[in-house]
Asks: 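One structure, as structure tokens, below. Some questions next.
Only a predicted model underlies this, so the values are computations on that prediction, with no experimental measurement involved. By convention in this document, chain letters (A, B, ...) are assigned in the order of the sequence lines, proteins followed by strands, and residues within each chain are numbered from 1.
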There are 2 protein chains.
Amino acid sequence: MTNPRNTKAKQAVLNEIANSSFALSQPELFERVKGTCDRVTVYRVLDRLVTENKIHKIVNIDGTINYALCASCDDSHSHAHDHLHFSCVTCKKIECLEEHLIQVKLPETYQIKELFLTISGICPSCQPL
Amino acid sequence: MTNPRNTKAKQAVLNEIANSSFALSQPELFERVKGTCDRVTVYRVLDRLVTENKIHKIVNIDGTINYALCASCDDSHSHAHDHLHFSCVTCKKIECLEEHLIQVKLPETYQIKELFLTISGICPSCQPL
DNA sequence: TTGCAAAACGCAACAATGTTGCATTAAAAA
DNA sequence: TTTTTAATGCAACATTGTTGCGTTTTGCAA
Ligand SMILES: [Mn+2]
Ligand SMILES: [Mn+2]
Ligand SMILES: [Zn+2]
Ligand SMILES: [Zn+2]
């Protein structure tokens, strides 16, 4: 990969991710950009955006992969994903809680690379009165 | 569902999970019990074992679902999964670290149900000397 | 031990999600 | 504008998971 190009498909997908308050899956994204590009292109665009540190993957508690903007890692020098995710059992939406960091201690025999913490529960919007 | 039955397929699958030091996926389990039962049966057995609190699901960082014994929740009265999982980037194995619990604080507007924490990195067995 | 109800199974068919190869198109540099 | 090649479309395939239905097997009771 030399110079990444700014294509219509890439713009459309990134735009949907940027304007969403929660993380979106490939099927959801394809539905939203339908007509703009092919199904396969969405997969390839997502891979590229992840490589370029524009977005990051979030695996939900059921195994579905969702994508969200990299908010705190626009500056390409520090790219850490030690924040927390919240997955609502009611509306099924998953969101980044960037302000909540995680700290874990393990024995020296483990070499830690990345943390994935997702909390399932009921989000503020879905709270019963 | 009234009385669960103890079938050959169920025994075989549970046996593989019990004797493994790391969590296994449906494809891995089917490979190991091949000849004993059908592919679909493995799915159904796994669902039943989860319902019966014999095993629990672990979603790996790539979205694949793995299954491990419920060690600390044999006693059916308390069934909490607030422990931590370690996923090795080298050998791809995922294991439960039952002794490491997680504590998180969130605003009152969030109602927490369950925690899913997976750490990716290099496990003790895969450490370069 | 035998008979019975239904839990569990096998198999085929289908659905969803993700991947690959290759000819064609289009972005951006020259 | 021309040229290079990154990116796309499309078809074909692979993997993972689901559903329906007729058949088998388990556990219980007679
Ligand atoms: Mn995030
Ligand atoms: Mn576990
Ligand atoms: Zn919600
Ligand atoms: Zn390892």
Side-chain angles (χ1 to χ4, degrees), chain A residues 1-17 20 22-68 87 92-94 118, chain B residues 1-17 20 22-68 87 92-94 118:
Chain A
M1 146 203 7
T2 9
N3 272 352
R5 293 178 182 179
N6 200 18
T7 67
K8 241 187 286 184
K10 190 176 174 183
Q11 287 169 22
V13 170
L14 187 54
N15 193 49
E16 291 298 337
I17 296 175
S20 175
F22 53 94
L24 298 168
S25 65
Q26 187 279 341
E28 287 169 336
L29 283 165
F30 176 57
E31 189 60 35
R32 294 182 181 212
V33 302
K34 212 167 233 170
T36 306
C37 68
D38 190 72
R39 198 173 68 88
V40 179
T41 299
V42 176
Y43 283 108
R44 298 199 262 226
V45 163
L46 288 171
D47 284 345
R48 250 179 295 145
L49 288 172
V50 168
T51 301
E52 296 169 16
N53 286 342
K54 296 268 176 46
I55 62 175
H56 67 284
K57 290 187 184 185
I58 310 172
V59 177
N60 210 334
I61 58 175
D62 60 355
T64 58
I65 296 178
N66 297 274
Y67 297 87
S87 173
K92 309 294 179 193
K93 293 175 182 173
I94 185 166
T118 300
Chain B
M1 147 203 4
T2 10
N3 270 351
R5 294 179 181 178
N6 200 19
T7 66
K8 241 188 284 184
K10 191 176 174 184
Q11 287 170 22
V13 170
L14 187 55
N15 193 49
E16 291 298 336
I17 295 175
S20 176
F22 53 94
L24 298 169
S25 64
Q26 187 279 342
E28 287 169 334
L29 283 165
F30 177 56
E31 188 60 36
R32 294 182 181 211
V33 301
K34 211 165 236 172
T36 306
C37 68
D38 188 71
R39 196 174 69 87
V40 179
T41 299
V42 176
Y43 283 106
R44 299 201 260 226
V45 163
L46 288 171
D47 284 345
R48 249 178 296 146
L49 288 172
V50 168
T51 301
E52 296 169 16
N53 286 342
K54 296 270 177 46
I55 62 177
H56 66 285
K57 289 188 186 190
I58 310 171
V59 177
N60 210 334
I61 58 175
D62 60 356
T64 59
I65 296 178
N66 296 275
Y67 297 87
S87 172
K92 310 296 178 192
K93 293 174 182 172
I94 186 165
T118 301

Asks: With a 4.0 Å cut-off on N to O distance, would you call A:Arg39 and A:Glu31 a salt bridge?
Replies: no
Asks: Rounded to whole Å, please give me the gap between CG in B:Asp62 and P in C:dT17.
Replies: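 B:Asp62 atom CG is separated from C:dT17 atom P by 17 Å.
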Asks: With a 4.0 Å limit, can you tell me whether A:Thr7 has a side-chain N or O closer than that to the phosphate oxygens OP1/OP2 of D:dA6?
Replies: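 So the side chain of A:Thr7 is outside the cut-off, no N or O lying under 4.0 Å from OP1 or OP2 of D:dA6.
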Asks: Can you tell which of D:dG17, C:dA29, C:dC11 lies closest to the side chain of A:Asn3?
Replies: C:dA29
Asks: To the nearest Å, give me how far apart OH (B:Tyr43) and P (D:dG20) are.
Replies: 17 Å
Asks: Can you find an N or O donor on one side and an acceptor on the other, under 3.5 Å apart, linking the side chain of A:Arg44 with the base of D:dG9?
Replies: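 Donor-acceptor pair under 3.5 Å: yes.
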Asks: Kindly say if A:Arg39 contacts the phosphate of D:dG9, meaning a side-chain N or O under 4.0 Å from OP1 or OP2.
Replies: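 Checking D:dG9 against A:Arg39, no side-chain N or O comes under 4.0 Å of OP1 or OP2.
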Asks: Could you check A:Gln26 against A:Lys8 and say which one's nearest nucleotide on DNA chain C is further toward the 5' end?
Replies: A:Gln26
Asks: Nearest to the side chain of B:Arg5, which nucleotide is it out of D:dC10, D:dA6, D:dT25?
Replies: D:dT25
Asks: For B:Asp47 and for B:Asn6, locate the closest nucleotide of DNA chain D by heavy-atom distance; then report the residue assigned to the nucleotide nearer the 5' terminus.
Replies: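 The residue mapped nearer the 5' terminus is B:Asp47.
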Asks: Please report the closest heavy-atom contact between A:Val59 and A:Thr118, naming both atoms and the distance.
Replies: O-OG1, 4.0 Å
Asks: Is any side-chain heavy atom of B:Val45 closer than 4.5 Å to a side-chain heavy atom of B:Leu49?
Replies: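 Counting from C-beta outward, B:Val45 and B:Leu49 do come under 4.5 Å.
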Asks: Test A:Leu24 against A:Tyr67 for side-chain contact (heavy atoms from CB on, under 4.5 Å), laying out the working first.
Replies: CA-CA 5 Å; A:Leu24 298 168; A:Tyr67 297 87; 5.8 Å; no
Asks: Does a side-chain N or O from B:Arg48 land closer than 4.0 Å to OP1 or OP2 of C:dC9, or not?
Replies: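 Yes, because at least one side-chain N or O of B:Arg48 sits under 4.0 Å from OP1 or OP2 of C:dC9.
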Asks: By the 4.0 Å heavy-atom rule, please label A:Thr64 as base, sugar-phosphate, or nothing.
Replies: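 Nothing, no nucleic acid heavy atom in range.
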Asks: Is there a side-chain polar atom (N or O) of A:Thr41 under 4.0 Å from OP1 or OP2 of D:dA7?
Replies: no
Asks: By nearest atom, which of the nucleotides C:dT17, D:dT16, D:dT8 is closest to the B:Pro27 side chain?
Replies: D:dT16
